[in-house]
Amino acid sequence: QVQLVESGGGLVRPGDSLRLLCEASGGAFSKYLMAWFRQTPVGEREFVAAISWNEGNTYYTDSVKGRFTISRDDAKNTVFLQMDSLRLEDTAVYYCAAEYLGVVRFTPLDYRYWGQGTQVTVSS
């Protein structure tokens, strides 16, 4: 069983960058499919990005392609989300998610383990 802790959120202006971190403990991190989701107060939790556990393949929702980059450092048990060219509509709570030996999926129900979330606010 893995525990996840996100950090790196904050208040930024449109066009700025942020780097989110998700640190894992208690499990074989290199065997976990890792993903980022986000949720607004009035919306459902939506998929943002994922990175596979075996080949490091990455996947993104269309609205963040070319702006966000997901990566992982298995030696540090950490997954990152580099967010560039932030927009007002990127404002949300960002959650880290994990699934042991998971095949890449894009819905919250496919991930068993979750962090507590970190707030990202983009405001002018």
Side-chain angles (χ1 to χ4, degrees):
Q1 185 170 344
V2 66
Q3 292 80 45
L4 306 173
V5 178
E6 302 98 332
S7 62
L11 172 63
V12 296
R13 297 188 182 277
D16 285 352
S17 297
L18 276 177
R19 190 189 195 201
L20 304 184
L21 290 78
C22 173
E23 296 179 271
S25 61
F29 180 77
S30 64
K31 299 297 186 184
Y32 282 84
L33 165 68
M34 300 300 298
W36 289 94
F37 286 76
R38 64 187 179 187
Q39 187 170 18
T40 64
V42 298
E44 296 183 350
R45 194 166 295 189
E46 66 170 0
F47 172 80
V48 176
I51 185 166
S52 67
W53 61 270
N54 47 359
E55 298 180 345
N57 294 327
T58 58
Y59 306 83
Y60 301 92
T61 191
D62 286 346
S63 64
V64 308
K65 285 180 180 177
R67 301 188 299 123
F68 290 11
T69 304
I70 188 172
S71 61
R72 64 190 298 159
D73 186 337
D74 289 348
K76 296 183 178 180
N77 292 353
T78 303
V79 63
F80 306 93
L81 185 67
Q82 177 67 40
M83 306 187 295
D84 298 322
S85 302
L86 282 161
R87 303 170 180 170
L88 297 175
E89 56 265 35
D90 294 320
T91 296
V93 177
Y94 283 71
Y95 295 91
C96 177
E99 181 65 19
Y100 183 68
L101 297 179
V103 177
V104 174
R105 295 287 188 267
F106 307 109
T107 62
L109 288 176
D110 294 308
Y111 294 81
R112 180 173 303 182
Y113 304 105
W114 291 86
Q116 82 290 348
T118 185
Q119 177 70 48
V120 172
T121 302
V122 185
S123 175
S124 56

Next on the checklist: Before you tell me yes or no, could you show the steps for Gln116 and Val5 under side-chain contact (heavy atoms from CB on, under 4.5 Å), namely the whole-Å CA-CA distance, both residues' side-chain angles and the distance that decides it to 0.1 Å?
Outcome noted: CA-CA 7 Å; Gln116 82 290 348; Val5 178; 4.3 Å; yes
Checklist entry - Any ring pair (Phe, Tyr, Trp, His ring centres under 6.0 Å) pairs touching residues 73-101, not counting sequence neighbours? => result Tyr32-Tyr100
Checklist outcome for this item: d(Arg72 CZ, Leu81 CG) to nearest 0.5 Å is 14.0 Å
Item to check | Contacts of type salt bridge (Lys or Arg N to Asp or Glu O under 4.0 Å), residue Asp110, not counting sequence neighbours | outcome: none
Item to check | Trp53 side, atom CH2; Asp74 side, atom CG - distance, nearest 0.5 Å | outcome: 11.0 Å
Item to check | Same apolar cluster: Ile51 and Val103, side chain cutoff 4.5 Å | outcome: no
Checklist outcome for this item: Value for SG (Cys96) from CD1 (Ile70), rounded to nearest 0.5 Å, stands at 8.0 Å
Checklist entry - Considering all heavy atoms of both residues, which atom of Ala92 and which atom of Thr40 are nearest to each other, and what is their separation? => result CB-CG2, 4.0 Å
Item to check | Gap separating the CE atom of Met34 from the CG atom of Asn77, nearest 0.5 angstrom | outcome: 9.5 Å
Checklist entry - Which residues pass the side chain to side chain donor-acceptor pair (under 3.5 Å) test with Asp73, sequence neighbours left out? => result none
Next on the checklist: With a 3.5 Å distance limit and no angle check, can you tell me whether Thr118 reaches the backbone of Glu6 through a side-chain donor-acceptor pair?
Outcome noted: no
Checklist entry - Within the distance-only criterion (no hydrogens, no angle test), does the side chain of Thr91 pair as donor or acceptor with the backbone N or O of Glu89 below 3.5 angstrom? => result no
For residues 8-31, run the donor-acceptor check on the side chains, cut-off 3.5 Å, and write out each pair with its distance to 0.1 Å, sequence neighbours left out.
unit_1	atom_1	unit_2	atom_2	d
Arg13	NH1	Ser124	O	3.1
Asp16	OD2	Arg13	N	3.1
Ser17	OG	Asp84	OD1	2.7

Checklist entry - Are Phe37 and Tyr111 side-chain neighbours, meaning at least one heavy-atom pair lies under 4.5 Å? => result yes
Next on the checklist: Between Thr121 and Gln119, does the side-chain hydrogen bond (donor to acceptor under 3.5 Å, both in side chains) criterion hold? Intermediate values first, please.
Outcome noted: CA-CA 6 Å; Thr121 302; Gln119 177 70 48; 3.3 Å; yes
Next on the checklist: Does anything in residues 44-64 form a salt bridge (charged side-chain N to carboxylate O under 4.0 Å, His left out)? List the pairs, not counting sequence neighbours.
Outcome noted: Arg38-Glu46, Asp62-Lys65
Checklist entry - With sequence neighbours left out, what residues match Val104 under side chain to side chain contact (heavy atoms under 4.5 Å, CB included)? => result Leu33, Ala50, Ser52, Tyr59, Phe106
Checklist entry - Short question: side chain of Glu99, backbone of Arg112 - any donor-acceptor pair under 3.5 Å? => result yes
Next on the checklist: Is there a continuous path of hydrophobic side-chain contacts, each under 4.5 Å between heavy atoms, that joins Leu109 to Val2?
Outcome noted: no
